[in-house]
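Pasting a structure here, questions to come.
Ligands are counted one by one from 1 in listed order, and the atoms in each one are counted from 1 as well. All heavy atoms count here, side chains included; hydrogens, waters and symmetry mates do not.
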Amino acid sequence: METLLSLQEPKAPNTAGRAVVLAVAEQFFIITHQSCELWLKQLGADLDAAAEALLPPCDPHDLELGLEFLQRSGELIRVLQQQLAVLEKLPLRYFAEFRTYLDTASGAQSAQFRRLTALLGNSHHQGSLYEAFAAAAEYHGQSVHDVLRRGVECGVLHRLAEALVDLGNGYWHWKVAHLALVSKMIGEQDGTGGSSGVDFLARRVTRPFPELRRLRGKVHHS
Ligand code: HEM
């Protein structure tokens, strides 16, 4: 625990005239990023466990286990979004002061977030979790289309589909919350990672599990 608590090293120089409030603001910024990375670690582990449980051969007990992991992941992604949104309370005057010392460091370098995106997919591509769900459904003699069409009759397979859509919405909410935060903090400026900032991020707001959404909508409105 001591090691963990010693990792909040400010980047801005610790000059004699440096106000304590500035140091506290930078610590707030660092802790928010670090806590997000910690939760991403748990989320990645839970999603790996969910995919593993759904991998055929999967009996009903495996499907229930996969569901538990997916439902917890849905909650974790909400925690991540809230942790991020708290940064809206970072006073701009202090952020502007220590931002120059971030150099090219950026959240875009998060390998764990990239991994999350590969698992969930985006509006155009199915990620590996969807593939695992489709394989589990097929193993139980159903297509994804059947599961969505028959709904609650499909029991745990239906609940899995719902959990995936919830997870996808959580990810989407994270992206929107991040975009709102960035817009508030840097306006039209470029990102420290070299992107155009808000414009770049707005193009990356995406909704995972397009096939589930499409089939779900079709069933309930046809
Ligand atoms: C004041 C707070 C923040 C600002 C101004 C900010 C700004 C940005 C910007 C401009 C980008 C685009 C890449 C670049 O040019 O740097 C980016 C990407 C990213 N940031 Fe942040 N960010 C903030 C907080 C956070 C926090 C707390 C996290 C939590 C882990 C985070 C995670 C990410 C991730 C994962 C990406 C890549 C997004 C994607 O692939 O679509 N950011 N951020």
At a 4.0 Å threshold, what atoms of ligand 1 neighbour a non-hydrogen atom of G193? 14 (C), 15 (O), 16 (O)

If we ignore angles and hydrogens, is there a donor and acceptor under 3.5 Å between the side chains of S123 and T206? yes

Step through the shown structure and confirm whether more than 12 heavy atoms of other residues, nucleotides or ligands are within 6.0 Å of CD on Q109. yes

I'd like to know if the side chain of D62 and the backbone of D59 have a donor-acceptor N/O pair within less than 3.5 Å. yes

Quick one: look at D190 and ligand 1, take heavy-atom pairs under 4.0 Å, and tell me if it's side chain, backbone, both or neither. neither

Residue portion contacting ligand 1 (non-hydrogen atoms closer than 4.0 Å) for L40: neither

Honestly, for R114 the part within reach of ligand 1 (heavy atoms, under 4.0 Å) is neither

Taking atom 33 (C) of ligand 1 as the point of reference, which of G107, A202, S35 owns the nearest heavy atom? G107

For the rings on F113 and W174, is their centre-to-centre separation under 6.0 Å? yes

Ignoring hydrogens and angles, state whether a donor on the side chain of R213 or N169 is under 3.5 Å from an acceptor on the partner side chain. yes

Just to be sure I'm reading this right: ignoring hydrogens, which of F95, W174, F113 gets closest to atom 32 (C) of ligand 1? Compare them by their nearest heavy atoms. W174

Distance to 0.1 Å, residue and atom name: give those for the protein heavy atom nearest to atom 25 (C) of ligand 1. H33 NE2, 3.2 Å

Minimum distance, heavy atoms only, to atom 13 (C) of ligand 1: which one of A111, S183, G197, S195 is it? S195

In terms of residue, atom name and distance, what is the protein heavy atom nearest to atom 4 (C) of ligand 1? V182 CG2, 3.9 Å

Subset of ligand 1 atoms that lie under 4.0 Å from at least one heavy atom of G194: 15 (O)

Main chain of G107, side chain of S110: is a donor-acceptor contact present, judged purely on distance under 3.5 Å? no

In ligand 1, which numbered atoms sit nearer than 4.0 Å to a non-hydrogen atom of K175? 39 (C), 40 (O), 41 (O)

The protein heavy atom nearest to atom 3 (C) of ligand 1 is L181 CD2, 4.1 Å

Could you check atom 11 (C) of ligand 1 against the protein and tell me its nearest heavy-atom contact, residue, atom and distance included? L201 CD1, 3.6 Å

Looking at H178, the N/O/S atom that lies nearest to atom 21 (Fe) of ligand 1 is called NE2

Under 4.0 Å, heavy-atom basis, I'd like to know which part of E37 is in contact with ligand 1: side chain, backbone, both or neither. neither

Check this for me: E52, atom CD, are more than 12 non-hydrogen atoms of other residues, nucleotides or ligands nearer than 6.0 Å? no

With the threshold set at 4.0 Å, does a side-chain nitrogen-carboxylate oxygen contact exist between D166 and R78? no

